[in-house]
Every structure is written in C-alpha cells, then in structure tokens.
Amino acid sequence: MPMASSSLGRLTVITGPSGVGKGTLVGRLLERHPEIWLSISATTRSPRSGETDGVHYVFLTRSDFEQQIEAGGFLEWAEFAGNLYGTPRRPVEDRLQAGRPVLLEIELEGARQVRQSFPSAYQLFIEPPSLAVLEQRIRGRGTDSEEAIARRLARAHTELAAVHEFDASLVNDDLASALAALETHMGLAAPATAKPEATRAPRQ
Ligand code: ADP
Ligand code: 5GP
C-alpha cells in the first residue's frame with residue numbers, strides 16, 4: 001500500500017555554480033542538522049586529493065556509469081565540465097519513504113530533471129557575491145586544473161542565468177549569514193547547540 005504523502009521526507013535540491021560554496025554550506029548544515037540525509041552522487045570525475053570513494057562520491061568509469069543509466073539507476077544525471085554526475089535513485093527513494101529529509105547538491109541540468117520527476121521538491125539556488133569572487137574561490141580551493149577552472153567559469157554564466165527557475169536563492173557572501181539564510185529557506189530552526197557529527201563528509 002502506498003504511504004500517505006504526509007509521511008514522506010522532504011526533498012531539497014541545492015544548485016549553484018562550481019566554487020560558490022555549496023559543499024561548504026552543506027557541510028555546515030549537516031553538522032547542525034544531522035537528521036538531513038545528503039545523497040552521495042556517482043561521478044566519472046577523478047577523485048580530488050582527500051576525496052574517498054563512497055564518501056564524497058562513488059567514482060565510476062564512464063562505461064559503468066552508462067550501464068547505470070541504461071538500468072534506470074539514476075534519479076537524474078548530467079554531464080558537467082566533461083564528466084558525468086548522477087544521483088543514485090534507490091537510496092534517495094528509500095530515505096524519502098522512511099520520512100527522512102533528503103538533500104541533493106547537483107548542477108542545473110539535474111535540478112531541471114528533478115523538477116519534472118519531483119515537482120514538490122524545494123529548489124534553492126546559491127549565488128556568489130560576484131563573478132570575480134567566484135573565480136577567487138575556485139582558484140583558492142586549489143583542486144582544479146586551468147582547463148577545469150575555465151570550463152567551470154564558462155558554465156557558471158549559464159547557471160547564474162537560470163536563478164529565476166528556482167523557488168528561492170541566496171548569496172553566499174558571509175558564510176555564517178548564508179548558513180542562517182539556508183536554514184530559514186529550508187524551514188529549519190537553528191539548533192540551540194551545534195551538533196558535532198555530520199552524517200557524511202561534505203564534498204571538497
Ligand atoms: P562548491 O561546492 O560550490 O564547488 P566549495 O564549497 O568547494 O564550492 O567552496 C569553494 C571555495 O570557497 C572553498 O575553498 C571554500 O572554503 C570557499 N568558500 C565557501 N564559502 C565561502 C564564503 N562564504 N566566504 C569565503 N570563502 C568561501
Ligand atoms: P565537482 O566536480 O565540483 O564535485 O562537481 C561539479 C558539479 O557537479 C557541481 O555543480 C555539483 O553540484 C554537481 N553534481 C554533483 N553531483 C551531482 C549529481 O549527482 N547530479 C548532477 N546533475 N550534478 C551533480
């Protein structure tokens with residue numbers, strides 16, 4: 001028998017250009033709200049230093065990723081800056097069925113797909129204070145090659161032009177203020193004391 005929709009967990013999608021601080025914000029959010037479950041995406045991108053398979057991403061070969069697409073294993077998937085990224089379907093559906101709030105941190109094409117398959121999902125866009133600050137952050141992170149930086153910055157223009165498609169947006173300027181705005185948008189009360197444990201390590 002299908003579960004009453006009121007017992008389903010809420011799905012939230014966070015999107016924004018690479019380097020805007022999504023991973024940083026989500027990491028802080030999970031520390032403060034460990035009830036939220038963050039989906040672990042699959043990708044064909046190579047692991048960055050410090051990234052662990054099954055923790056930050058599930059790292060797949062392109063042919064394994066394509067097999068998963070064929071098998072209908074992804075809730076959504078997209079190509080971004082030359083690599084494939086996708087949300088494994090089953091773990092998300094299981095958590096939602098169990099009533100857990102679920103968070104996806106994904107790029108624009110994936111967010112558009114989720115809008116079709118989960119119209120009730122809440123879609124939030126994170127903006128940088130400026131393109132110059134965005135570039136500083138990508139470079140400051142120190143994880144991407146010049147080519148990858150150029151592709152990500154080019155893609156940022158397309159993503160920023162789509163901000164109006166989202167239910168809400170916030171600017172990640174001061175981190176603490178952006179985190180507070182994120183909590184407000186998600187309808188989360190700030191916890192009395194921050195909880196130390198995250199359910200999963202944030203992306204790098
Ligand atoms: P994304 O996940 O969107 O690609 P990251 O979370 O990796 O972005 O952040 C990119 C860089 O910007 C990191 O070095 C991070 O420490 C830094 N950063 C994130 N948010 C802020 C902020 N509010 N102010 C200054 N630096 C930030
Ligand atoms: P990065 O390589 O910097 O970790 O991620 C690049 C982009 O891919 C980011 O915008 C990130 O949000 C997005 N991304 C990560 N996982 C997924 C996913 O499962 N699906 C989609 N569509 N995008 C993803």
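Both counts, for ligands and for their atoms, begin at 1 and track the order of listing.
At a 3.5 angstrom cut-off on N or O pairs, Glu105 does not count as close to ligand 1. Between Asp174 and ligand 1, a contact under 3.5 Å exists for no N or O pair. The distance criterion of under 3.5 Å between nitrogen or oxygen atoms is met by Gly19 with respect to ligand 1.
Ligand 2 does not have Glu159 within reach: every non-hydrogen atom of the residue lies 4.0 Å or more from it. Residue contact check for ligand 1: Ser18 places a non-hydrogen atom closer than 4.0 Å to it. For the ligand labelled ligand 1, residue Gly27 lies outside the 4.0 Å heavy-atom shell. At a 4.0 Å cut-off, not a single heavy atom of Phe74 sits close enough to ligand 2 to count as contact. Residue contact annotation: Lys22 has a non-hydrogen atom under 4.0 Å from ligand 2. Contact between His56 and ligand 2 is absent, with no heavy atom of the residue lying under 4.0 Å from the ligand.
Numbered from 1 in the order shown, with element, the atoms of ligand 2 that lie under 4.0 Å from a heavy atom of Phe80 read 6 (C), 7 (C). The distance from ligand 1 to the heavy atoms of Leu175 drops below 4.0 Å at these ligand atoms: 20 (N), 23 (N). Near Gly23, the atoms of ligand 1 lying under 4.0 angstrom from a non-hydrogen atom of the residue are 1 (P), 2 (O), 6 (O).
Considering only heavy atoms from C-beta on, Arg32 stays 4.5 Å or farther from Leu188 through its side chain.
A salt bridge between Arg62 and Glu79 is present, with a side-chain N of the basic residue lying under 4.0 Å from a carboxylate O of the acidic one. Remark: Arg100 does not engage Asp94 in a salt bridge, criterion side-chain N to carboxylate O under 4.0 Å.
At a heavy-atom distance under 4.0 Å, only backbone atoms of Asp173 (N, CA, C or O) approach ligand 1. Contacts of Arg45 with ligand 2, taken as heavy-atom pairs under 4.0 Å, involve the side chain alone. If you look at Pro17 next to ligand 1, the close heavy atoms, those under 4.0 Å, all belong to the backbone.
The cationic atom of Arg10 (NZ for Lys, CZ for Arg) lies less than 6.0 Å from the six-membered ring centre of Tyr122 and within 45° of the ring axis.
Here the closest non-hydrogen pair linking Gly72 and Arg89 is O-NE, 3.1 Å.
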